[in-house]
Amino acid sequence: MKPSGEDQAALAAGPWEECFQAAVQLALRAGQIIRKALTEEKRVSTKTSAADLVTETDHLVEDLIISELRERFPSHRFIAEEAAASGAKCVLTHSPTWIIDPIDGTCNFVHSLNSE
């Protein structure tokens, strides 16, 4: 069976193209969630110190990213900031591993400061 034009394009783009496209799609979805949450009241807690903040939006975005990627790439592994802070074990293996920081700049996010 001959690969379709779409399959041939994916093969020509390299083995990581599907991962890249998934990451872009999820970043856009996560961005929409974060942008909406900027205008809402935030539930904030601390991790290791008073300056190390985490919000329910951090957890929501992290869960979204991991669940979508796990469904699409079941053999991949994940090291995620909020899960690691909650005690999840971080193990690097030979499997592709995604490193996830759901909101880079949570302190700015909490104070609704634009980091652009």
Side-chain angles (χ1 to χ4, degrees):
M1 175 185 225
K2 186 177 178 181
S4 70
E6 188 175 293
D7 290 337
Q8 287 177 332
L11 289 172
W16 300 109
E17 182 64 22
E18 185 180 0
C19 293
F20 175 75
Q21 292 302 324
V24 169
Q25 291 168 4
L26 283 168
L28 291 170
R29 286 179 59 193
Q32 290 173 335
I33 293 167
I34 294 165
R35 186 174 299 250
K36 181 179 181 294
L38 272 170
T39 63
E40 299 171 347
E41 188 174 329
K42 295 160 194 69
R43 194 171 331 154
V44 182
S45 55
T46 59
K47 293 187 281 188
T48 60
S49 72
D52 193 5
L53 306 176
V54 61
T55 67
E56 61 187 55
T57 307
D58 284 286
H59 291 290
L60 176 68
V61 169
E62 184 173 285
D63 292 345
L64 166 76
I65 293 168
I66 292 172
S67 66
E68 292 289 324
L69 290 175
R70 184 170 280 139
E71 184 176 313
R72 207 157 166 184
F73 308 106
S75 67
H76 291 196
R77 300 188 50 97
F78 306 91
I79 297 175
E81 180 180 21
E82 307 317 333
S86 296
K89 197 171 177 184
C90 298
V91 179
L92 284 175
T93 67
H94 293 291
S95 298
T97 302
W98 297 78
I99 310 296
I100 299 165
D101 180 357
I103 298 178
D104 186 25
T106 298
C107 190
N108 286 345
F109 171 73
V110 166
H111 298 290
S112 299
L113 298 175
N114 190 343
S115 61
E116 290 179 18

query = Are the side chain of D63 and the backbone of L60 linked by a donor-acceptor contact shorter than 3.5 Å?
reply = no
task = Scan side-chain atoms only and decide if Q21 and E17 contain a donor-acceptor pair under the 3.5 Å cut-off.
result = yes
inquiry  = Contact between R29 and L64 at the side-chain level, heavy atoms closer than 4.5 Å - yes or no?
reply    = yes
task = Over all heavy atoms of both residues, which pair between L69 and A22 is shortest? Give the atoms and the distance, please.
result = CD2-CB, 4.2 Å
query = Taking C-beta and beyond as the side chain, do L53 and T46 meet within less than 4.5 Å on heavy atoms?
reply = yes
key: Minimum heavy-atom distance between V54 and K47, given as atom pair plus value   = CG1-CG, 3.9 Å
note = On a heavy-atom basis, the closest approach of S112 and L38 is OG-O, 3.2 Å
query = Where do E82 and D58 come nearest, in terms of heavy atoms and distance?
reply = OE2-OD1, 3.8 Å
Given H76, R70, E71, the one that forms side-chain contact (heavy atoms from CB on, under 4.5 Å) with F73 = H76
query = Tell me, do E68 and Q25 make a side-chain contact under 4.5 Å, heavy atoms counted?
reply = no
note = Here the pair of heavy atoms bringing E62 nearest to A83 is OE2-N, 2.9 Å
Rounded distance (nearest 0.5 Å) linking atom OG1 of T57 with atom CD1 of I33 = 8.5 Å
ask   = Do any N or O atoms from the side chain of T97 and from the backbone of S95 form a donor-acceptor pair under 3.5 angstrom?
value = yes
ask   = Any side-chain heavy atom of T106 within less than 4.5 Å of one from V44?
value = no
Within one Ile-Leu-Val-Met-Phe-Trp-Tyr cluster: I79 and W98, side-chain cutoff 4.5 Å = no
key: Sole candidate of V61, I100, L26 that passes side-chain contact (heavy atoms from CB on, under 4.5 Å) when paired with I66   = I100
key: Common cluster, V110/I34, ILVMFWY with side-chain heavy-atom separation under 4.5 Å   = no
